[in-house]
Amino acid sequence: MKIVSVVGARPNFVKLAPIHKSLTKYCDHVIVHTGQHYDYEMSDIFFKELRIPKPDINLGIGSTSPGEQIAEMIKGVEAELGYGQKEAVEGDGGGVASKPDLVLVYGDTNSTLAGAFAASANNIPVAHIEAGLRSFDKRMPEERNRILTDHLSDLLYAPTGTAARNLKDEHSAGRIINSGDVSVEVVNEAWKFSKNSAILKELLLEPKKFILFTMHRAESTGTYSNLKTIVETFRQIELETSDRSRSSDLKQPKVSSVSSSSYAGKYIDHGDQLQIVFPIHPRTERILKSYGLYEELVGLENVKIIKPLGYIDFLRLVKESYKVVTDSGGLQKEAYLCSIPCITIRKSTEWVETLQGGWNTLCSFKKEEIVDLILQRIPSLQKDDCKEIFGSGNASEIIRDSIIFGFH
Ligand code: UD1
């Protein structure tokens with residue numbers, strides 16, 4: 001049996017890791033990389049750290065307008081599957097990805113949709129890992145990609161009960177399998193390495209004394225006012241925590257000082273400045289620079305802007321952070337799996353389960369709202385009633401068994 005996985009962006013690679021591991025002994029598993037993410041920190045490091053073999057094919061498509069990017073990817077994937085125009089005229093050259101039994105796609109990126117479309121257009125069965133997620137906000141490219149991919153797919157692997165229900169409600173034609181979420185395995189597996197990561201030392205951070213911040217979505221970064229709000233929010237956090245003890249020498253004993261801040265007593269009291277660690281996406285860096293806001297952000301004493309991190313170091317930061325602040329989809333769930341409160345600066349989320357019990361809070365681009373949520377003390381959060389929302393940590397086995405042995 002030949003199975004082709006089409007991937008292209010960071011969140012695809014993370015989901016590919018456990019699937020490759022569980023499939024590799026049972027079939028010929030070919031990896032096609034569209035080239036959507038191409039920087040070392042956005043691509044190669046994930047293959048290396050998560051022990052995924054180098055892609056068999058890299059289409060090197062890179063970044064352009066969404067329409068052009070998706071069109072180029074469809075054309076490229078179709079050719080690799082042995083159904084391009086040239087292949088139709090000259091005969092299929094019999095490449096490694098040619099004429100597979102199944103194409104696997106992951107998540108909601110442009111590469112996901114392109115892979116599903118190229119396969120489906122040529123009557124190759126498609127399986128979608130992480131099917132059925134909905135934010136019900138069609139302005140998001142990821143929501144459009146999810147809906148279209150689900151309706152092109154023959155096998156729909158839902159990570160949660162809600163996702164499976166969404167698929168039923170939409171009368172999706174594919175077979176729905178509530179597999180649980182492969183991220184549970186990724187987090188468990190990566191943590192074995194993450195616990196030895198030196199990233200805290202390298203960044204001079206102390207556990208629970210920093211916020212982990214990420215932002216990259218087109219809806220967030222597209223307007224000046226949103227990014228200006230972020231700069232002002234972090235400036236306010238600096239002010240609110242600046243008259244506390246500010247030892248940069250981590251070995252010195254902490255001295256608690258009374259803050260004149262309106263948050264004193266009521267809110268977090270670290271006795272230290274609350275650091276903000278920001279592994280920056282290339283898109284966000286470029287836009288911040290074009291708005292003249294990058295220098296302002298770098299100028300803030302409490303903000304550490306760093307290059308995008310690999311999964312191992314990143315997971316360590318998630319686990320050791322006080323709170324996560326993000327517009328990412330996957331990070332909301334990773335924070336939940338690591339039991340770290342998350343503040344999501346978005347109108348909606350596809351990971352609705354994380355909102356239960358207060359683990360994840362949605363908020364708008366309003367400085368006061370974000371500052372309040374960051375500085376609020378963490379209430380005692382309970383997880384008992386939402387146990388195993390994301391499955392039992394064996395999603396990749398369930399997926400393998402259903403593909404290879406026809407179970408489930
Ligand atoms: C993509 C996914 C998003 C996912 C994110 C994770 C889509 C529609 N979006 O968004 O769901 O959460 O990946 O990171 O597929 N760039 C680089 N170097 C790279 C990759 C990108 O500089 O290695 C720059 C490009 O110049 C581009 C911008 O980042 O202009 C955005 O890249 P793109 O692939 O369009 O989408 P992401 O924002 O990364």
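Counting starts at 1 for both ligands and their atoms, following the listed order. Since we're looking at a predicted model, the values are computed, not measured.
At a 4.0 Å heavy-atom cut-off, ligand 1 touches Glu142 through the side chain alone. Heavy atoms of His281 found under 4.0 angstrom from ligand 1 belong exclusively to the side chain. Only the side chain of Arg10 comes within 4.0 Å of ligand 1, judged by heavy-atom distances. No part of Thr112 comes within 4.0 Å of ligand 1, judged by heavy-atom distances.
A donor-acceptor pair under 3.5 Å is absent between the side-chain atoms of Asp327 and the main chain of Arg346, judged by distance alone.
With hydrogens left out, the protein atom closest to atom 18 (N) of ligand 1 is Asp39 OD2, 2.8 Å, a heavy atom. Looking from atom 22 (O) of ligand 1 to the surrounding protein, the closest heavy atom is Pro282 CB, 3.0 Å. In this structure, atom 8 (C) of ligand 1 lies nearest to the protein heavy atom Asn110 OD1, 3.3 Å. Here the protein heavy atom with the shortest distance to atom 27 (C) of ligand 1 is Ser63 OG, 3.4 Å. Of the protein's non-hydrogen atoms, Tyr38 OH, 3.5 Å is the one closest to atom 16 (N) of ligand 1. Scanning the protein for heavy atoms near atom 21 (C) of ligand 1, the closest one is His37 CD2, 3.8 Å. Of the protein's non-hydrogen atoms, His216 NE2, 3.5 Å is the one closest to atom 5 (C) of ligand 1.
Within 6.0 Å of NZ on Lys347 lie no more than 12 heavy atoms contributed by other residues, nucleotides or ligands. The number of heavy atoms from other shown groups lying within 6.0 Å of NZ (Lys75) does not exceed 12.
Judged by the shortest distance from any of its heavy atoms, Arg286 lies inside the 4.0 Å radius around the atoms of ligand 1. Ligand 1 lies less than 4.0 angstrom from a heavy atom belonging to Pro11.
For atom 2 (C) of ligand 1, the nearest non-hydrogen atom from the set Thr109, Asn12, Asp108 comes from Thr109. Of the listed residues (Met42, Arg283, Gln69, Gln36), the one carrying the non-hydrogen atom nearest atom 1 (C) of ligand 1 is Gln36.
Close N/O approach between Ser111 and ligand 1 is not found [any backbone or side-chain N/O within under 3.5 Å].
The pair Arg235-Glu232 meets the salt-bridge criterion, since a charged nitrogen lies less than 4.0 angstrom from a carboxylate oxygen. A salt bridge does not link Lys289 to Glu295: none of the charged nitrogens lies less than 4.0 Å from a carboxylate oxygen.
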- Query: After noting the C-alpha distance and the side-chain angles of Glu72 and Thr64, does the key distance pass the side chain to side chain donor-acceptor pair (under 3.5 Å) rule?
  - Reply: CA-CA 10 Å; Glu72 285 295 314; Thr64 163; over 6 Å; no

- Message: Apply side chain to side chain donor-acceptor pair (under 3.5 Å) to residues Ser183 and Lys333 and explain how you reach the verdict.
- Response: CA-CA 8 Å; Ser183 304; Lys333 183 184 50 189; 2.8 Å; yes

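Ring-plane geometry between Phe47 and His33 is classed as parallel, the angle between the planes falling under 30 degrees on a 0 to 90 degree scale with a further cut at 60. The aromatic rings of Phe13 and His37 sit perpendicular, their planes meeting at an angle over 60°, well past the 30° parallel limit.
Shown are Phe213, Tyr294, Phe234; of these, the ring pair (Phe, Tyr, Trp, His ring centres under 6.0 Å) with Phe278 is made only by Phe213.
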